[in-house]
Amino acid sequence: MLKVSHVYKYFDDHCVNNDISLDLKNGEIFGLLGPNGAGKTTLMRMLATVTTPDRGEILIKGENLGPKHVPLIGYMPEERGLYRKMSVVDQLLYFAELKGLARSHAKDNVRKWLHRLDIVHWADKKMEELSKGMAQKIQFISTILHEPEFLILDEPFSGFDPVNADMVKDLIIELKETGTTILFSTHRMDNVEELCDRLAIIHEGRKVLDGSIDEVRREHFKFEYDLSFTDVVTIPEHLKYRKLEVASPNTYRITLEKDEPFNSLLDWAYSTQKLKAFGEYLPTMHEIFVNKVSNK
Amino acid sequence: MRSIWVVLKKEYLTRIKNKTFILMTFLAPVLIALFYGGAIYFATVGAEDHSEKTMYFQAPYWDLESDELSFEDYTFVPALSSTKSMLDAIENKKMSGWLQINDKDLRNLDSAELVGGTSFSVTEIQKLNNHIKTRAHEFLLMESGISDSTLRQTEVHGGIKALEIDNDGDVANSNTTLKSAVGFAMAMIIYMFIFIYGSMVMRSAMEEKTNRIVEVIVSSVKPFDLMLGKILGVALVGLTQFFAWIALSFGLLGGLSYAFSTGSDAIPKEAQNVPVNELISGFNALPFFDIIIVFILFFLGGYLLYSSIFAAIGAAVNQETDVQQFMLPVSLPLVFGFIIAQSVVFQSPNGHLAKVFSMIPLTSPIVMAVRAPFDVPISEIIGSFILLLLTFVFMVWLSAKIYRVGVLMYGKKPSWKDLFRWIKQS
């Protein structure tokens with residue numbers, strides 16, 4: 001669907017995107033993670049045709065990204081707003097028409113979405129008469145009204161109240177099911193683990209990691225195991241481990257040395273005859289994120 | 001092209017549907033008429049001091065009773081013997097002044113003085129001065145033996161009438177006053193439209209930026225198209241309003257001339273004496289077609305040029321208060337053009353200064369408009385318009401660069417240096 005290869009973007013002498021490459025597959029949800037100022041918005045703006053890369057190329061469906069792809073793309077920037085003096089319907093129609101939708105088609109879609117979210121009675125209200133939460137709903141509709149195949153959402157959950165954030169989440173899942181490819185940036189790891197098929201972390205303009213959540217977590221496996229016993233046990237001296245944490249009485253997290261076979265841990269645990277639970281511990285996305293952006 | 005059209009349509013329709021717009025379209029002609037009527041009234045009648053003024057008169061070498069000199073609201077009484085009591089009376093506002101003419105030879109009023117001059121305006125002093133000189137002249141004539149009746153009989157009336165050779169080769173009235181009025185009115189309209197509608201474009205660009213709408217918009221349409229759509233949409237709003245005003249004025253004029261021609265009772269008798277026919281024939285003699293063509297060309301050209309600059313300003317700033325530093329230098333040439341139009345063109349519509357400033361693109365829309373009724377050579381009109389058009393194209397190109405970068409720059413107040421950096425950057 002979308003292929004970003006070796007993209008660079010500079011502001012004055014400062015390199016904001018440094019050799020970024022991404023590959024988005026059809027119909028997947030891709031998370032873009034990174035601390036503030038990492039260059040996520042800059043990258044998304046280029047994908048949304050707001051700006052162009054200084055170097056490198058962006059391909060969409062195998063073609064160089066350009067103005068003719070505008071109808072394919074839906075973009076909700078982090079800085080968002082609507083015309084205060086315009087009515088809900090006029091506003092939505094305007095955005096849809098700008099995206100190349102014919103007026104009659106746009107009208108049908110507006111009607112459909114207002115029904116769908118049960119807000120038909122807002123149709124002729126001006127934006128300034130609506131509450132912030134209502135405006136957020138309209139904002140999201142305006143982004144997807146033209147049925148984009150590729151959706152770019154910059155921090156879609158920030159600034160939205162919890163009810164609307166849930167609505168956005170549900171809609172993202174629903175759109176994915178209808179085949180939309182979605183790229184979104186976020187700070188919130190719970191959203192990432194819940195929604196993303198794959199993700200990338202950007203830090204100081206560079207991509208430091210990408211892959212599916214499982215892949216990433218497995219890659220960052222640090223030979224940690226969680227064990228829980230029914231009674232007190234003593235860790236045998238022959239076991240080579242780096243770290244032992246006692247989570248609660250009789251529950252341990254043990255970090256083995258790299259060369260210590262996992263079987264020797266399992267054999268011992270089994271031999272105590274007090275073993276209740278055993279499992280490997282994969283780091284959470286949050287841990288990986290913090291680790292990645294603080295190390296580099 | 002399509003996105004320019006979508007933007008244009010939105011900008012046009014949202015404004016046309018606006019209640020204030022509809023109200024202003026009907027009210028503005030009335031307000032403008034009231035404004036100018038009021039201004040002219042106060043300038044001519046209202047401002048004049050109607051209070052009567054009495055002053056002492058003293059002219060030892062002029063054999064004239066003081067009340068012989070009195071005229072209109074000015075009364076002269078003989079001077080008192082005590083200077084002090086005269087000055088006291090003036091200081092206590094019992095008297096307006098003390099005119100003394102101590103010259104032996106009335107041909108040189110070198111030592112004529114008016115004490116208490118501050119209670120007289122410049123025009124009043126001028127008026128008094130003329131009056132005294134005329135009376136002194138008459139006095140000298142009579143002294144040299146010319147009788148009062150001869151004087152009256154030899155008074156000259158009438159004056160020069162300006163004529164010109166019209167397009168048919170006939171000699172006709174040249175109606176210089178009417179032409180100046182028409183030219184000035186057009187310059188005024190262009191001047192006002194550029195400011196009103198140019199700032200409308202600016203506010204529109206600013207609204208999209210401050211309400212954070214613009215990022216979504218520029219992901220759908222090229223900033224250049226957005227800017228052009230805005231400029232053209234607002235231009236159409238201006239034209240709509242303009243033609244509505246013309247229609248309304250013609251309706252009003254038609255009503256009036258009907259009332260005049262039928263001698264309707266609704267119009268007071270005195271008003272019917274106004275030389276309407278003369279005015280109408282004067283209007284008919286004007287090269288209307290040429291004037292309208294020039295007006296429309298320079299009206300649109302001027303608006304397009306300035307509104308593209310205003311659009312760039314709107315895209316650059318973050319809030320209304322930042323506008324001022326950019327607006328001032330941009331409006332200066334416009335204001336300057338208006339001043340040139342007022343002073344120089346009234347005196348010499350085809351003079352060098354008028355020619356030069358009707359060529360410079362930043363002032364030409366106004367200066368050319370005011371010259372339009374005065375048979376400007378066609379080559380000058382075409383040359384000036386091409387220059388204006390080229391400058392517009394260049395300015396749109398430049399403004400689009402500022403616009404493109406500016407709309408996405410939030411935060412700090414931009415400086416002139418930033419603008420130049422943005423131009424280089426994009």
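In what follows, chains are A, B, ... by sequence order, proteins preceding strands, each numbered from 1.
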For this session: Go through the steps for A:Phe160 and A:Phe140 under the test ring pair (Phe, Tyr, Trp, His ring centres under 6.0 Å), then give the verdict.
Result: CA-CA 10 Å; A:Phe160 276 26; A:Phe140 193 78; 7.2 Å; no
Exercise. With only heavy atoms counted, which part of A:Leu82 is less than 4.5 Å from chain B, the side chain, the backbone, both or neither?
Worked result: backbone
Problem set entry | Proximity breakdown for A:Thr51 and chain B, heavy-atom pairs closer than 4.5 Å | side chain
Exercise. To the nearest 0.5 Å, how far apart are OH in A:Tyr75 and CZ in A:Arg45?
Worked result: 5.5 Å
Exercise. Which salt bridge (charged side-chain N to carboxylate O under 4.0 Å, His left out) pairs, counting each pair once, include a residue from residues 187-199 of chain B, with sequence neighbours left out?
Worked result: none
Seminar exercise, completed: Turns out that what part of B:Val214 lies under 4.5 Å from chain A's heavy atoms comes down to neither
For this session: Working to the nearest 0.5 Å, report the span between CD1 of B:Ile296 and CD1 of B:Ile190.
Result: 10.0 Å
Exercise. Relative to chain A, which segment of B:Glu207 carries a heavy atom at a distance below 4.5 Å: side chain, backbone, both, or neither?
Worked result: side chain
Seminar exercise, completed: Applying a strict 4.5 Å limit to non-hydrogen atoms, the region of B:Val221 in contact with chain A is side chain
For this session: Select one option (side chain, backbone, both, neither) describing which atoms of A:Arg84 are under 4.5 Å from chain B's heavy atoms.
Result: both
Exercise. Given a strict heavy-atom distance threshold of 4.5 Å, which part of A:Tyr83 is in contact with chain B: side chain, backbone, both, or neither?
Worked result: both
For this session: Specify whether B:Phe338 and B:Tyr191 have parallel, tilted or perpendicular ring planes, treating 30° as the upper limit for parallel and 60° as the lower limit for perpendicular.
Result: parallel
Exercise. Just checking, any donor-acceptor pair under 3.5 angstrom between side chains of A:Thr42 and A:Lys9?
Worked result: no
